[in-house]
Chemist: 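Here it is, the structure in full.
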Amino acid sequence: MRLPILIWLSAALLATGSIAAKSEPSFSKKKFDGRLVDLIFFDDSEVALVTDRDSKKVYQSNNAGAEWAIVEGLKEGDAIGAFKHPYDNHVAFILGRGKTHLITKDQGKTWKPFKTDGLASPRGPIQYHATDSNRYLYQGDEECSSQMCRGTTWYTEDAFETTHLLYKHRRDCIWAKSTDAFTTGHDVLDQNTVLCVVEGKHSEDAKDYRLLITNDYFKSDGVEPRMADGRTVSGMSNIAAVKGNIVVAAASERTRELALYVTDDTKTWHRAEFGQHRIEEDAYTILESTNYSIQVDVRTTTKAEFGNLFTSNSNGTYFTKNIEHTNRNEVGIVDFEKVSNIQGIVIVNTVNNYQEMEKYWLAEKQLKSAISFDDGRTFQPLKVGDEELHLHSVTNQHNSGRVFSSPAPGIVMGVGNTGKYLKDYTEGDLYVSDNAGATWIKALDEAHKYEFGGQGSLLVAVFDEGETDKVMYSINHGRDWESATLPDKIRAHELTTVPDSTSLKFILSAVKGGMRNPEFILYSIDFGGLHERECKDSDMEKWYARVDSDKNPKCIMGHTQSFQRRKPDADCFVNFGFKEALPQSEPCDCTDEDFECDFNFVRSEDRTECRPVGALQVPQGECQNSDGTFMGSSGWRKIAGDDCKRKSGPQKDDKVKRPCSETHDSPASGDIQAKLTKFKSKFVEYFYLERHADSDAQDETVVVLTRDNIAHVSHDHGKTWTTPIDDNVVAIYPHQYNDDTIYFITPSERVHYTSSRGKRYDEFKAPEPPNQDKIQILGFHPDEPDWLLWVGGAKCSGAEAECHTVAHVSTKGGDEWKVLMRYVEKCKFVPQPDREKHILCEQYKNDDTHAALQLQSSDDWFEHKTTLFEDIVSFATMSEFVIVAQRADDRQYLKVDASIDGTTFAPALFPPGFNVAHQQAYTVLDSSTHAIFMHVTINNVQGQEYGTIIKSNSNGTSYVLSLNGVNRNRNGYVDFEKMVGLEGVAIVNIVANTEEVDGGGKKKIKTKITHNDGADWTFMPPPAKDSDGKAYSCGGQGVEKCSLHLHGYTERDDPRDTYASQSAIGLMMGVGNVGEFLAPPQDDITETFITRDGGITWTPAMKGRYMWEYGDQGSIIVIVKKHQATRMVYFSTDEGAKWTKYEFSDTDLEIADITTLPSDNSRNFILWGRDFIINLDFTGLTNKQCNLDKENPEAPDSDYYLWEPKHPLQEGNCLFGHIAQYYRKKPEAECYNGKKIDQFHKTVSNCACVREDFECDYNYQKQSDGSCDLVPGLSPKAADSICASNHSIVEYYDPTGYRKIPISTCVGGSELEYTAQSHPCPGHEDEYKKKHAISGVGLFFAIVLPIAAACGVGYWVWRNGVWDGKFGRIRLGEPGQGAFDQDSPLVRWPIAAISAIVAIAAAVPMVVGSLWRTALGAFGRGGGGYGGRTYRSREAFARGRGQYSGIGGGGGGGAGAADGFEDEGELLGSDSDEEV
């Protein structure tokens, strides 16, 4: 969010002295050793401050620059700069580079040091309170990432006598009373209220940042205000105070779009509406605004820098476009300036050749200037006689402060030229107007810097195109000019005076000499000694700011505006001593211009009416009958702050009779609508353009490619269709990271695309036609939407031997391209912090496609490159990992390396026996829980494929076995699927008869599920009864013989058809059967099943094989028969408890798929046939939106409840070491969810560690009893290796065979990885010794009590006969162990079951060690953990939850799982020797 910027240029001084001449101004100058910046005056004084940028000193002058002295109080060279209080002209700060700073409260007479707890933020270090100059927010300790900066804010109520912590991890904080025009409506709240943009409750991601409001400095939790549809909004990125409003911006995920929310009291917020236009990141600028409107310039294209200017109504909610194609630069500064001190006059520059600029990046702008005298409603050209005048404005500023005007009433100056367009600055002349821009005259030839003094009675200018020794001045509004001679020939840098332009003293910053030996000079120029007399009342005139063609004063905001100013020909100076000219107003009669649309009304296209846009509020007691009427708003209201006089008679805002039907939305029809569309050709592919929570778009856009190479687009979810691309389309590429953008690839170099969801289409020319090698053509950058990779085919029209791939990069959306590499297989952006250009490419060695494939890396578009691997099969990226499959030196095996930065790779340590022959493969499955799941193919014979799933530690380098015999198909896809939205739950299909399969037998498939991220897998218990209410024939035989089996990933027609939906937390559906093995899908025992508790229990939904889709975040589930002609769908609005039949056609049709938006957040669905689609619209079921109060989600009127997932083998609702709560709509609630809800509510608490929080460590394997044993013949991984990888760790532990699951947040309890002996890390022996020291009392408890306990335990073991004779083995979770397990009240850690005598000898050190570690736990472990990154809280890994929403379709049965990760399920290997 950008606000108006004042650019203070460099300044310098050479020597002191005074030069004076009769009838000329007097000069004084001073020399400094360094460059000077930030020259500021205290208002209503001659006190000035300036900063020496080189020596880091601040200087002060008390006589308008005639003399200067260093401000003392900081260490030499420690000053960052000076900052003036915007509302108290006595207060200023000098901030230091450290934590010591200075403050003055008396315009620099005294400076007092103060200290802060953090280093000053480079982004607005001090936030000012508009009415209390003792209250400040100090912002510091910034930490910046590629997404945003965040830091800490402190507050003070006594001008930094004391400071207190306000908030950590905030984006920005401001006072509610940041401007004098804003008020909360309550004096106390005006004093104390602070608004902060802070990180999310459970995530550091930019998409989760939120707005909090506090009036007690966060002593209690802040309030997150409701904004959209009565709900809170996430993705907050910026906040700003704009006159009487506060504006916050919220970013919409996976799109450039922003939403602006506005309040005038901090309580009631409204989304700013821009009609058909939308706001985008880095594409809008909040301009200088008025007390009754906000001005915003919105960039309209990414091709060039220009936009549209919008003005709001008085509460900032509805914006109207004023003028198009306003000029702006790449940092968002706009050629827009209000004429100072006069209402309603605005000067802008517009781009005349905007169409050419959209097509050609390098085209030169043709700028024209325009002026408005009615607050931007209408604009007209600037005129010099009959010629148009064009002036350089804010984007090309050559002086400090305002460009054109000052508080001098009506006097406006600028540098420019007459003619068609604005020319270069050096071709411009100086022009002046003394009627606020209505007419202009040329003042001086050539460009000059200029300034206003004596309320406009004195104009001063200095030549600005080279060296000069003259100062020009005029005392008759620029009609005539005289010169004064400077003591040196200089190049002017800045000319300034006091802010209110009342003084006759000026300061000129200049440079003398050349660049090699410049002298920086600061002149003080005093015109007070000239012979002109001081003006009297008779020398003044009444001047009206706006007049019509008959010279009669014009009204704005209900009044005229006039000033007392000096007559142009009066030979006197106005020297009233810092008394600026104030406007005088006279009221006017009210007209239509004094009214705006009331709340919930918007202007019609012709702007003659205000029409309702929402349900109107009805007065209490009215509209008891819906057919009646009530007296309500006319749609108009008088603009807040308008002074017009009401005439007698009817008024525009008088209440009118309105029908009661306008007080509520139209009732829901209760009907479902179906609409069929036939196509001329069969479907090739389809994609959705997702619509996100903060998006202003209401469309539901679907893009389809048919076999006749025609692209079809629908914006209403398939009800109506267009064919916007008049070209053959061979492929469609949705932007991987921006859901508003999609590309249409043609057989030639021409590429069509839309970045506006199909509202507008553009095209670019690719460097070559698409490649013909089935290699990905387009690649995308995750942070830079306009950065593209193109892999084309060169020399492919002639001899095949010359045809090869070429990779190119564009940073301008395809308008310009640069060659990267030739003979490539795959290239991908892999950006890292401070390395946005980082790319990985697979390239054939020596440009020979029969040679080895190398992995190349570059940070500069391959101007320089690094060969990371000499002989690879492929690489894949997923979440934070880069995984490379390379051939071993003998080329007989594959090996894997992994990296989390794309540069430093480490070899993956696989479990024993995992050498993979080169014709076999790895499949990277998932990494959403900070660990890589990888499938290693064991049998690659066609029809017999299966393998083993292994799981990595948190850096992807050390793997343990998760599950054997997992089914895959010929294409490398694996029957493995994570439950999206719920951590750690996954379903796989295993080949139960691997020995038979290896001998050529047919696969027998069984389904397993994990609830702890692959550490343990179990069969799924069957439902009690089938869909007919009958018991299953295998019931009572145990899960080995009778369990639920589901058809998986390898059998899907579309990989996007997933069990679960990211927005329907806890729900899954699948097709399968109950029995010993999975039956063919067409078998009579096949049913469709549903679970509502994350896979713990299942119930049959319908007999037979159905496809499913979740809508409105699970509030609607629709199913339809698969591969069978039908005319029926079934739907449920209560999570599958009841199903209702709906007939969508008069004839039976075979449906191939059912889909909705990828987020599953629509109430529209599409049924896909071979060459037809049917839209199903369920919006008629209800028009009531569900009520959710996140602060009190289980309130009596809430339509939601809090659901807690759990592990089926654990007591309580602990899962991964914590109890988590999610919002779920009550099944019985008859309402719709609406915009997407972040379903995670909070972590209730962390839990004590149990066996299910651990998995087997490297070189250990899980046994049938659940314990982890060392593989015979192998050694544990070197335990002290953790010390070398993290030098801050104090100690390490001998391997126990267990490591904590990376996403577990459990604390205490059975910490299985810490049950062995600890040792000091090298260099930390003293810390280790100190840490493990023990007192005498502690020694007693550590020795005497454990011996007694061990005796008792040993006797109990012996007495109860539970010893199995296997001394030294850790067994956990074994059925039938009785009380002696990890949950025993006697033993809370694993110990071996041993005899009474051995127990005394062996249990003492074990129990002592355990007690000792328990004691240590009370004081903190101090870096002793290892075995993979663990997380202390759910917040620490919330970012890693599965975000599988794909570009191409929804979750659930329809679409959208894997596409969110480009390499999801990517095969890292080759299918045949010929491909090697």
Chemist: May I ask you to decide if Thr350's main-chain N or O and Asn327's side chain share a donor-acceptor pair within less than 3.5 Å?
Modeler: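 Checking the backbone N and O of Thr350 against the side chain of Asn327, no donor-acceptor pair under 3.5 Å is found.
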Chemist: Show your reasoning for whether side chain to side chain contact (heavy atoms under 4.5 Å, CB included) applies to Arg231 and Ile1237.
Modeler: CA-CA 9 Å; Arg231 295 178 180 172; Ile1237 301 167; 3.5 Å; yes
Chemist: What is the minimum heavy-atom distance between Cys149 and Arg123, and which atoms define it?
Modeler: CB-NE, 3.8 Å
Chemist: Quick check: do Pro785 and Tyr737 have side-chain heavy atoms less than 4.5 Å from each other?
Modeler: no
Chemist: If you measure from the Lys or Arg side-chain nitrogens to the Asp or Glu carboxylate oxygens, is any gap between Asp699 and Lys759 under 4.0 Å?
Modeler: no
Chemist: Do the non-hydrogen side-chain atoms of Gln343 and Thr290 ever get within less than 4.5 Å of each other?
Modeler: no
Chemist: Could you check whether Gln295 and Ser293, counting side-chain N and O atoms only, form a donor-acceptor pair closer than 3.5 Å?
Modeler: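 Yes, Gln295 and Ser293 have a side-chain donor paired with an acceptor closer than 3.5 Å.
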Chemist: I'd like to know if the side chain of Asp1112 reaches the main chain of Ile1116, judged simply by a donor and an acceptor atom lying under 3.5 Å from each other, with no hydrogens or angles considered.
Modeler: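 Answer holds: no.
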Chemist: Quick check: do Thr1179 and Asn1164 have side-chain heavy atoms less than 4.5 Å from each other?
Modeler: yes
Chemist: Salt-bridged, Arg210 to Asp208, with N to O below 4.0 Å?
Modeler: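 A salt bridge is absent here (no side-chain N lies under 4.0 Å from a carboxylate O).
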Chemist: Between the side chains of Asn315 and Asn313, is a donor N or O closer than 3.5 angstrom to an acceptor N or O?
Modeler: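 On atom types as modelled, these side chains qualify, holding a pair under 3.5 Å.
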Chemist: For Ser237 and Val197, which heavy atoms make the closest approach, and how far apart are they?
Modeler: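 Between these two residues, the closest heavy atoms are N-CG1, 4.5 Å.
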Chemist: Verify, without hydrogens or angle tests, whether Asn329 (side chain) and Val334 (backbone) share a donor-acceptor contact under 3.5 angstrom.
Modeler: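 No: the side chain of Asn329 does not pair with the backbone of Val334.
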Chemist: Indicate yes or no for a side-chain donor-acceptor contact from His129 to the backbone of Asp190 under 3.5 Å, with no hydrogens or angles considered.
Modeler: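 Present.
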Chemist: If you measure from OG1 on Thr266 to CD1 on Ile246, what distance do you get to the nearest 0.5 Å?
Modeler: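 Rounded to the nearest 0.5 Å, the OG1-CD1 separation comes out at 7.0 Å.
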Chemist: Could you measure the distance from the CD atom of Glu199 to the OH atom of Tyr209? Nearest 0.5 Å is fine.
Modeler: 5.0 Å
Chemist: Output yes when a side-chain donor or acceptor of Thr285 lies under 3.5 Å from a complementary backbone atom of Gly332, and no otherwise.
Modeler: yes
Chemist: If I take atom CH2 from residue Trp269 and atom CZ from residue Arg226, how far apart are they, to the nearest 0.5 angstrom?
Modeler: 15.5 Å
Chemist: Under a 4.0 Å threshold between the charged nitrogen and the carboxylate oxygen, would Lys201 count as salt-bridged to Asp221?
Modeler: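 Answer for the salt bridge query: no.
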Chemist: Does any donor atom in the side chain of Asn322 or Thr320 lie under 3.5 Å from an acceptor atom in the other side chain?
Modeler: no
Chemist: Checking Lys1190 side chain against Pro1193 main chain: does a donor-acceptor pair fall under 3.5 Å?
Modeler: no
Chemist: With side chain to side chain contact (heavy atoms under 4.5 Å, CB included) as the test, would you mind laying out the steps for Glu593 and Asp374 before giving the verdict?
Modeler: CA-CA 10 Å; Glu593 298 298 333; Asp374 55 8; over 6 Å; no
Chemist: Would you say the side chain of Tyr292 lies within less than 4.5 Å of the side chain of Thr311, judging by non-hydrogen atoms?
Modeler: no
Chemist: Looking at every non-hydrogen atom in both residues, tell me the closest pair between Ala250 and Ser234 and how far apart they are.
Modeler: CB-O, 3.9 Å
Chemist: Could you walk me through whether Asp375 and Ile556 pass the side chain to side chain contact (heavy atoms under 4.5 Å, CB included) test, one step at a time?
Modeler: CA-CA 8 Å; Asp375 238 354; Ile556 190 169; 4.0 Å; yes
Chemist: Does Arg254 pair with Asp739 as a salt bridge, N-O distance under 4.0 Å?
Modeler: yes
Chemist: Looking at side-chain heavy atoms only, is the closest gap between Cys173 and Gln139 below 4.5 Å?
Modeler: yes
Chemist: If only atom types and distance count, is the side chain of Arg603 paired as donor or acceptor with the main-chain N or O of Cys597 below 3.5 Å?
Modeler: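 Side chain of Arg603 to backbone of Cys597: no pair is present.
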Chemist: Less than 4.5 Å apart, side chain to side chain, heavy atoms only: is that true for Leu189 and Lys267?
Modeler: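 Contact flag for Leu189/Lys267 side chains = yes.
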Chemist: Ignoring hydrogens and angles, tell me if any N or O in the side chain of Ser604 forms a donor-acceptor pair with the backbone of Glu609 under 3.5 Å.
Modeler: yes
Chemist: Just by distance, no angles: are the side chains of His717 and Tyr688 close enough, under 3.5 Å, to form a donor-acceptor pair?
Modeler: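 There is such a pair (donor and acceptor under 3.5 Å, judged by atom type) between the side chains of His717 and Tyr688.
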Chemist: Would Val248 and Met227 satisfy side chain to side chain contact (heavy atoms under 4.5 Å, CB included), going step by step from the backbone distance to the final call?
Modeler: CA-CA 11 Å; Val248 294; Met227 293 187 174; 3.9 Å; yes
Chemist: Look at the aromatic rings of His325 and Phe306 and report parallel, tilted or perpendicular, splitting at 30° and 60°.
Modeler: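 If you compare the ring of His325 with that of Phe306, the planes turn out perpendicular.
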Chemist: Taking atom types as modelled, find out whether Asp740 and Ser755 have a side-chain donor-acceptor pair closer than 3.5 angstrom.
Modeler: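 Judged by distance alone, the side chains do not pair up.
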Chemist: Which atoms form the tightest heavy-atom contact between Phe687 and Pro734, and what is the distance?
Modeler: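 Where Phe687 meets Pro734 most closely, the heavy atoms are CD2-CG, 3.4 Å.
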Chemist: Between Asp1199 and Tyr1223, is any side-chain donor less than 3.5 angstrom from a side-chain acceptor?
Modeler: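 Looking only at side-chain atoms, Tyr1223 and Asp1199 do not form any donor-acceptor pair under 3.5 Å.
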Chemist: Salt-bridged, Lys652 to Asp592, with N to O below 4.0 Å?
Modeler: yes
Chemist: Between Asp1177 and Lys719, is the closest basic N to carboxylate O distance under 4.0 Å?
Modeler: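 Result for this pair is yes, salt bridge flagged.
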Chemist: Could you tell me whether a side-chain N or O of Thr232 sits under 3.5 Å from a main-chain N or O of Pro225, the two making a donor and an acceptor?
Modeler: no
Chemist: So how far is it from Tyr1201 OH to Arg1224 CZ, rounded to the nearest 0.5 Å?
Modeler: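 Interatomic distance, Tyr1201 OH to Arg1224 CZ, rounded to 0.5 Å: 3.5 Å.
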Chemist: Taking the six-membered ring for Trp, are Phe274 and Phe319 parallel (under 30°), tilted (30 to 60°) or perpendicular (over 60°)?
Modeler: parallel
Chemist: Between the side chains of Glu1230 and Thr1182, is a donor N or O closer than 3.5 angstrom to an acceptor N or O?
Modeler: no
Chemist: Give a yes or no on whether a salt bridge exists between Lys1236 and Asp1160, defined as a side-chain N under 4.0 angstrom from a carboxylate O.
Modeler: no
Chemist: Asn738 versus Thr255: any side-chain heavy-atom pair under 4.5 Å?
Modeler: yes
Chemist: Nearest 0.5 Å, please: how far is OG1 in Thr300 from CD in Glu305?
Modeler: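 That separation rounds to 10.0 Å.
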Chemist: Would you confirm whether Thr214, through its side chain, and Asp216, through its main-chain N or O, come within 3.5 Å as a donor-acceptor pair?
Modeler: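 Yes, the answer is positive, given that a donor and an acceptor are paired below the 3.5 Å cut-off.
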Chemist: CD of Glu700 to CZ of Arg757: how many Å apart, nearest 0.5 Å?
Modeler: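 Output value for this atom pair is 9.0 Å.
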Chemist: Compare all side-chain heavy atoms of Ser1063 with those of Asn1161 and state whether any distance is below 4.5 angstrom.
Modeler: no
